[in-house]
Amino acid sequence: MQFEGIYTPLVTPYHADFSVNEDALADTVDLLIDKGVNGIIVAGTTGEYYAQTMEERIWMMGRAKELIAGRVPMIIGTGAIRTEDSVAYAEQARAHGADAILIATPPYAYPTDREIALHCLAIDRAANLPAMLYNYPGRMCVNMGEEALDRLGRSPNFCAIKESSGDVNRLHMLARDYPHIGLSCGMDDQALEFFAWGARSWVCAGSNFAPEAHIALYQACAVEGDFTKGRAIMSAMLPLMRVLEQGGKFVQCIKHGLSTRGINAGPPRKPLQPLNKDDKRALEEVIRTMNTAISAITGDAT
């Protein structure tokens, strides 16, 4: 499988009692597909998988499969602390017709490179599906180092890596030394740099509510090779990226961003709390300004 384009880690919309808002979930899936994203990721960090039971995660796999209905690829996250749990999610992903899986390093345990590789290989054996690796040391405490990548690169299933370290030196290393593992942008404010180094996909939570902007940047850089246009679009997007990353309110901002599209994604699950009124107003203004700027650059309404 070649990962190309925009892949959206789907939010899980909730009612006030934290039950899943199925209508909002369906509306979000339809919005993303109608606007042209290339794939949908279920049980990513943005989907709050860490706050869901195993039963809830498995239910989401089946419901998302029904809603996506083969219109775009469905990628299912297998993140968990225990390898046994990740293996179970991988088996369920295969049973629910996933097109690929997302494999992160297990958090909190602080595994070595060898242990990371063995963890990923166990998941790979369970699913035998195309897999995108996920390197996010900010949440997982450790990097997927070169020893792990050397071991994993021998399996043809590991065809991409979502790199979210923020370390531009790792970006260079991956592009130079692991060209057989497709590079996927996982650090939004470095998207321009990823595309310059050959990334062909972008896993971007903000595309839940702003798919047009993310697609426009991808189109300019990765498809047209027009980095002058890409820099202009990136400049317009940077204020949004700063708002999303500041103050630990990432999921809350993504969910409120959807409300600006008429989709009520509800609150995040505890311990997270919703945005206050000032934060909501600030986010809405940033989104309006970004959309106006990008429309002027591309000539398309967003």
Backbone of [Y] reached by a side-chain donor or acceptor of [X] within 3.5 Å:
X: Thr298; Y: Ile294; value: yes
X: Asn21; Y: Ala265; value: no
X: Tyr49; Y: Thr46; value: no

All pairs passing salt bridge (Lys or Arg N to Asp or Glu O under 4.0 Å) where [range] contributes a residue, at least two apart:
range: residues 170-193; value: Glu163-Arg170
range: residues 282-299; value: Glu285-Arg288
range: residues 214-235; value: Glu224-Lys229
range: residues 130-147; value: Glu147-Arg151

Please work out which of the three classes, parallel, tilted or perpendicular, describes the rings of Tyr14 and Phe18, given edges at 30° and 60°. perpendicular

Go through the structure and list residues passing ring pair (Phe, Tyr, Trp, His ring centres under 6.0 Å) with [X], not counting sequence neighbours.
X: Tyr89; answer: none
X: His172; answer: Trp197
X: His119; answer: none

Evaluate whether atom CZ of Arg269 has more than 12 neighbouring non-hydrogen atoms of other residues, nucleotides or ligands under 6.0 angstrom away. yes

Is the number of heavy atoms from other residues, nucleotides or ligands under 6.0 Å of Gln2 CD greater than 12? no

Applying side chain to side chain contact (heavy atoms under 4.5 Å, CB included) to Tyr50 and not counting sequence neighbours gives Thr45, Glu48, Val251, Leu272

Enumerate, atom names and distances included, each donor-acceptor pair closer than 3.5 Å involving a side-chain atom of residues 23-36, sequence neighbours excluded.
unit_1	atom_1	unit_2	atom_2	d
Thr28	OG1	Ala24	O	2.8
Asp30	OD1	Arg71	NH1	3.3
Asp30	OD1	Arg71	NH2	2.9

Name each donor-acceptor pair under 3.5 Å that joins a side chain in residues 121-133 to protein atoms two or more places apart or in another chain, with its distance.
unit_1	atom_1	unit_2	atom_2	d
Asp124	OD1	Asn157	ND2	2.7
Asp124	OD2	Ser155	OG	3.0
Asn128	OD1	Asn157	ND2	3.1

Indicate, with yes or no, if Leu240 and Ile233 share a hydrophobic cluster defined by side-chain heavy-atom contacts under 4.5 Å among Ile, Leu, Val, Met, Phe, Trp and Tyr. yes

Do Leu171 and Phe3 sit in one hydrophobic cluster, given that two such residues count as connected whenever their side-chain heavy atoms are within less than 4.5 Å of each other, even indirectly? no

Output every pair passing ring-ring contact (aromatic ring centres under 6.0 Å, His included) with a member in residues 132-159, not counting sequence neighbours, ordered by first then second residue. Tyr134-Tyr136

Pairs involving residues 214-268, ordered by first then second residue, that meet ring-ring contact (aromatic ring centres under 6.0 Å, His included) (sequence neighbours left out): Phe195-Tyr218, Trp202-His214

Show the numbers, then the answer: is there a side-chain contact (heavy atoms from CB on, under 4.5 Å) between Met241 and Leu238? CA-CA 5 Å; Met241 294 174 182; Leu238 279 173; 4.1 Å; yes

